[in-house]
J.: 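One structure follows; several queries about it will come next.
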Amino acid sequence: MTQHPPQRPLFFDPNLRVVFGVTLMAMLGVASVTPAFPRIVQALSITPQAVGILISAFTLPGVILAPMLGVMADRFGRKIILVPSLLVFGIAGFLCGFARDFELLVALRLLQGIGGAALGAINITLIGDLFDGHRRTAAMGYNAAVLSVGTAVYPAIGGALAMLAWYAPFFLPILAVPVGLVVLLVLRNPEPMVQTQLGQYLRNAWKLMRRGELVMMFVAGVVTFVLIYGAYLSYLPFVLEDRFTATPLGIGLVFAAASLTTSVTSFRLGWLAKRHGEYRLIRMGFVLYVLTLAAIPFASSLWLVVLLVMVFGAANGINIPSILALVSGAAPAEYRAVFMSVNGMLLRLGQTLGPVFAGTAYGLIGLNGAFFVSAGLAAIVGVALAMSGKGEGRREKG
């Protein structure tokens, strides 16, 4: 049930603004460091294939821990999980800036990932708790727009810092510490009232999550993040540096251009969902993924690459919040955190597998192969969504 008067402007809801702060921290662990990857490869004498481990080490704890943290958030409350997570994320991330060998850096990234494991799921859970219907979809869109602002700003900041020192971007996560204090002192959210025994709770949650349309959304979410964290985030920097001699700052600005279209698309998601339905929008997003990933290897100028990644960013603005809104809307309040945490686990799995998937294609076929194989994966999922025929034109009732 919506927790605030309908006349309140949704974007300025005070609780939603706290969620925005958590969202900005949740994606800081990757977006700010990827422009430094070419410099890290040189400074630490590692291969381009190995540098993706810095993403995988950060995302792997979420694959393992997210469901357990979701169960705890449903049974004990959102804040009791969220606040310590922000503190661990911020302190461990800050310590990464002092590492000077690859093994220690990977270990600290793993610790930072433990802190970050719950962030991306619980912030979305909070939106599901606070809003319903089209307001939930709109809030998801606003949140994704804020996230995309972060993905625009963080790569530019990270790239600029990397020009000073390759390790400088790793100091940024200390910002999560004051955000944790704001969550503790300012956030006013409804907490679930779980009455069932743990065993029955888990059986009920498993039964609810096995529905066919929901499974399809889980698959779409995983593959979306394989595409983003694979060819796009891990290997687009090498295309930009090798073919267009882009600096880390220039790489960050290219990512920022994509994030601009993500922000605009996400901000208008509520309107788009009312007109087309979330399911149809997701299918459209996968069509855009295929087109952009297949075209990037053929781009003959930097400006064409910028145009393509902006279209890729629009696909992100459609897909990510639409998938999250559908999963959140399918979850009863007392099971919402575990729903979103399982979804978060799967998205972390996509983030973890993305660099490995694209890196394997790079090793076998070359840099272009990382993009062609990723386009093929997007095409397979797009066809599966089209053939399922589920949710055509459907909209969540608000």
J.: Answer with yes or no whether the side chains of Gln42 and Arg39 bring together a donor and an acceptor at under 3.5 Å.
T.: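 Note: Arg39 and Gln42 side chains miss the donor-acceptor criterion.
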J.: Closer than 3.5 angstrom, by distance alone: can the side chain of Thr262 be matched with the main-chain N or O of Ala258 as a donor-acceptor pair?
T.: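 Side chain of Thr262 to backbone of Ala258: a pair is present.
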J.: Answer yes or no: is there a donor N or O on one side and an acceptor on the other, between the side chain of Ser328 and the main chain of Leu324, under 3.5 Å?
T.: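 Answer holds: no.
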J.: Take Asn204 and Tyr335 through the side-chain hydrogen bond (donor to acceptor under 3.5 Å, both in side chains) test and state the conclusion after the steps.
T.: CA-CA 9 Å; Asn204 292 345; Tyr335 297 96; 2.9 Å; yes
J.: Apply side chain to side chain donor-acceptor pair (under 3.5 Å) to Ser259 and list each qualifying residue two or more places apart in sequence or on a separate chain.
T.: Thr151
J.: Looking only at atom types and distance, does a side-chain atom of Thr265 sit under 3.5 Å from a main-chain N or O of Gly317, one as donor and one as acceptor?
T.: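 Such a contact is absent between Thr265 side chain and Gly317 backbone.
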J.: Can you list the steps and then say if Ile53 with Phe102 is a side chain to side chain contact (heavy atoms under 4.5 Å, CB included)?
T.: CA-CA 10 Å; Ile53 295 173; Phe102 189 63; 4.2 Å; yes
J.: According to the interplanar angle, ranging from 0 to 90°, do the rings of Phe98 and Phe171 count as parallel (below 30°), tilted (30 to 60°) or perpendicular (above 60°)?
T.: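 Ring orientation, 0 to 90° scale: perpendicular.
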J.: Verify, without hydrogens or angle tests, whether Asn189 (side chain) and Leu126 (backbone) share a donor-acceptor contact under 3.5 angstrom.
T.: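 No: the side chain of Asn189 does not pair with the backbone of Leu126.
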J.: Answer yes or no: are there more than 12 heavy-atom neighbours, outside Arg100 itself, under 6.0 Å from its atom CZ?
T.: yes
J.: Which residues satisfy the side chain to side chain donor-acceptor pair (under 3.5 Å) test with Tyr229, sequence neighbours excluded?
T.: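 Testing Tyr229 for side chain to side chain donor-acceptor pair (under 3.5 Å), a comparison that skips the adjacent residues, returns Gln351.
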J.: Which atom names give the shortest non-hydrogen contact between Leu119 and Ser85, and what distance separates them?
T.: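 Leu119 and Ser85 have their closest heavy atoms at CD2-CB, 3.9 Å.
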J.: Any donor-acceptor pair under 3.5 Å linking the side-chain atoms of Asn368 with those of Tyr362?
T.: no
J.: Could you name each residue pair satisfying salt bridge (charged side-chain N to carboxylate O under 4.0 Å, His left out) that touches residues 248-271, not counting sequence neighbours?
T.: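 Applying salt bridge (charged side-chain N to carboxylate O under 4.0 Å, His left out) to every pair that reaches into residues 248-271, excluding sequence neighbours, yields nothing.
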J.: Would you mind checking if Asp129 and Arg336 are paired as a salt bridge, meaning a charged N to carboxylate O distance below 4.0 Å?
T.: yes
J.: Can you see which heavy atom on Gly77 is nearest to which on Ile80, and at what distance?
T.: O-CG2, 3.3 Å
J.: Do Leu175 and Phe20 belong to the same hydrophobic cluster, where Ile, Leu, Val, Met, Phe, Trp and Tyr are linked whenever their side-chain heavy atoms lie under 4.5 Å apart, directly or via other members?
T.: yes
J.: Look at the rings of Phe312 and Tyr232 and say which category their plane angle falls in: under 30° parallel, 30 to 60° tilted, over 60° perpendicular.
T.: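 Plane angle under 30°, so parallel.
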